[in-house]
Amino acid sequence: MPGPQRIVCLTEEPTEVLYAIGEEHRIVGISGFTVRPPRARREKPRVSAFTSAKIGEILKLNPDLVIGFSDIQADIARELIRAGVEVWISNHRSLAGILDYIRRLGALVGAVDKATALVLAAEERIAQVERLAKMLPRRPRVYFEEWDEPMISGIRWVAELVRIAGGDDAFPELAEKPLARDRIIADPAEIVRRAPEIIIGSWCGKRFRADKVAARAGWDAIAAVRDGELHEVKSPIILQPGPAALFDGLEALHRIVAAWAQKAR
């Protein structure tokens, strides 16, 4: 059997991909934030959070590959590399990057055909939603909030999914910024000025509070607040740069946008 045999996944997306392509037997450890697929939490030991990891527990698992995501996990990767472990940190931020990530992970474990099939299914679903979105009578301006204190707008793959779902991202220039600190909106009045017709919250690690958002000073002037168009999309299906965003995340966004478009005048 080619490729690594004992993989530790520091984030959810490699776990979800490996399960989806039938290679879950290679996984020996997962992130504590993993919720997809649900069986992974029952079957695999949890050895990391997102910004921290149980290095000793990971080493006890004798991994031949550890997979993580983004600059935020650089310190974890450094410790593991110094301990002699091979580490792959992906750093993709776009839909194209997610699709390529699935292909690369499939190639790593010798499952190219199964990974390609997953990519093709995702591309087909994306194209289907895009066709449905083009049939909507109107496109809303959408403010997507990743975090509330400070306010952080959506990352690039989220903005791309919003557009595919039928909306227009209210902060397209910030979506191009790969780091969360560069997507901080220092002046909340700028959100008011951009007049979003839908507000979508996905506060990673905590419940979105629509009432709290609606109560922000001056936000009663925003159409989304006035019309009650404040929605939550759970972070595991939209802020995880893997299959979840391409299927369930996109579906959730399209439902919100389509419902708005059908009732808008």
Carboxylate-amine/guanidinium proximity below 4.0 Å for [X] and [Y]:
X: D148; Y: K212; value: yes
X: E24; Y: K44; value: no
X: E173; Y: R156; value: no
X: E23; Y: K114; value: yes
X: R82; Y: E79; value: no
X: R183; Y: E146; value: yes
X: E130; Y: R163; value: no

Would the distance check show the side chain of [X] and the main-chain N or O of [Y] forming a donor-acceptor pair, the cut-off being under 3.5 Å?
X: D64; Y: P4; value: no
X: E145; Y: S202; value: no
X: R194; Y: A189; value: no
X: E57; Y: V47; value: no
X: R6; Y: L65; value: no
X: E16; Y: A244; value: yes
X: T34; Y: R36; value: no

Rounded distance [0.5 Å steps], [atom1] in [X] versus [atom2] in [Y]:
X: D227; Y: I199; atom1: CG; atom2: CD1; result: 10.5 Å
X: I184; Y: S153; atom1: CD1; atom2: OG; result: 10.0 Å
X: Y101; Y: S90; atom1: OH; atom2: OG; result: 4.5 Å
X: E123; Y: L99; atom1: CD; atom2: CG; result: 5.5 Å
X: L230; Y: I200; atom1: CG; atom2: CD1; result: 10.0 Å
X: H231; Y: I198; atom1: NE2; atom2: CD1; result: 5.5 Å

4.5 Å side-chain heavy-atom contact, [X] and [Y]:
X: D169; Y: V158; answer: no
X: V109; Y: I21; answer: yes
X: V28; Y: I7; answer: no
X: W88; Y: L108; answer: yes
X: R216; Y: V213; answer: yes
X: F144; Y: I155; answer: no
X: H25; Y: L18; answer: no
X: S48; Y: I76; answer: no

Looking only at heavy atoms, which two atoms of [X] and [Y] are closest? And how far apart?
X: P196; Y: I222; value: O-CG2, 3.3 Å
X: I237; Y: A252; value: CD1-CB, 4.2 Å
X: D71; Y: R93; value: OD1-NH2, 3.1 Å
X: S70; Y: N91; value: CA-OD1, 3.0 Å
X: V8; Y: P63; value: CG2-CB, 3.9 Å
X: V162; Y: L253; value: N-CD1, 3.9 Å

If you group Ile, Leu, Val, Met, Phe, Trp and Tyr by side-chain heavy-atom gaps below 4.5 Å, do [X] and [Y] land in one group?
X: F208; Y: L161; answer: no
X: L132; Y: I126; answer: no
X: V129; Y: V119; answer: yes
X: V142; Y: I191; answer: no
X: I238; Y: F171; answer: no

Flag for Y19-E43: side-chain donor and acceptor within less than 3.5 Å: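 Checked: E43/Y19 side chains pair up, N/O donor to acceptor below 3.5 Å.
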Residue pair Q128 / R131, side-chain donor-acceptor N/O under 3.5 Å: no
Mutual orientation of the aromatic rings belonging to H92 and W157 [parallel < 30°, tilted 30-60°, perpendicular > 60°]: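 Taking W157 first and then H92, their aromatic rings sit tilted (interplane angle of 30° to 60°).
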R139 and E197: CA distance, side-chain angles, deciding distance, salt bridge (charged side-chain N to carboxylate O under 4.0 Å, His left out) verdict: CA-CA 9 Å; R139 296 181 64 88; E197 292 152 306; over 6 Å; no
Derivation of the salt bridge (charged side-chain N to carboxylate O under 4.0 Å, His left out) call for D248 and K234: CA-CA 10 Å; D248 292 357; K234 298 292 186 181; over 6 Å; no
Residue pair C9, I27: steps toward the side chain to side chain contact (heavy atoms under 4.5 Å, CB included) verdict: CA-CA 7 Å; C9 301; I27 302 173; 4.3 Å; yes
Derivation of the side chain to side chain contact (heavy atoms under 4.5 Å, CB included) call for W260 and R138: CA-CA 9 Å; W260 174 90; R138 294 180 60 196; 3.7 Å; yes
CA sep, side-chain torsions, deciding dist, call: Y143, M151, side chain to side chain contact (heavy atoms under 4.5 Å, CB included): CA-CA 11 Å; Y143 168 55; M151 296 172 199; 3.8 Å; yes
K206 NZ/CZ over W147 ring centroid, <6.0 Å and within 45° of normal: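 Here K206 passes the 6.0 Å and 45° test against W147.
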Qualifying residue for side chain to side chain contact (heavy atoms under 4.5 Å, CB included) with P14, from V17, T11, L10: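 In the set V17, T11, L10, the residue that makes a side chain to side chain contact (heavy atoms under 4.5 Å, CB included) with P14 is T11.
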Full working for side chain to side chain contact (heavy atoms under 4.5 Å, CB included) between D187 and R193: CA-CA 10 Å; D187 181 8; R193 284 191 287 272; 3.2 Å; yes
Greater than 12 external heavy atoms within 6.0 Å of D113's CG: no
Flag if over 12 foreign heavy atoms under 6.0 Å of CZ, F33: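 Counting other residues, nucleotides and ligands, CZ of F33 stays at 12 neighbours or fewer.
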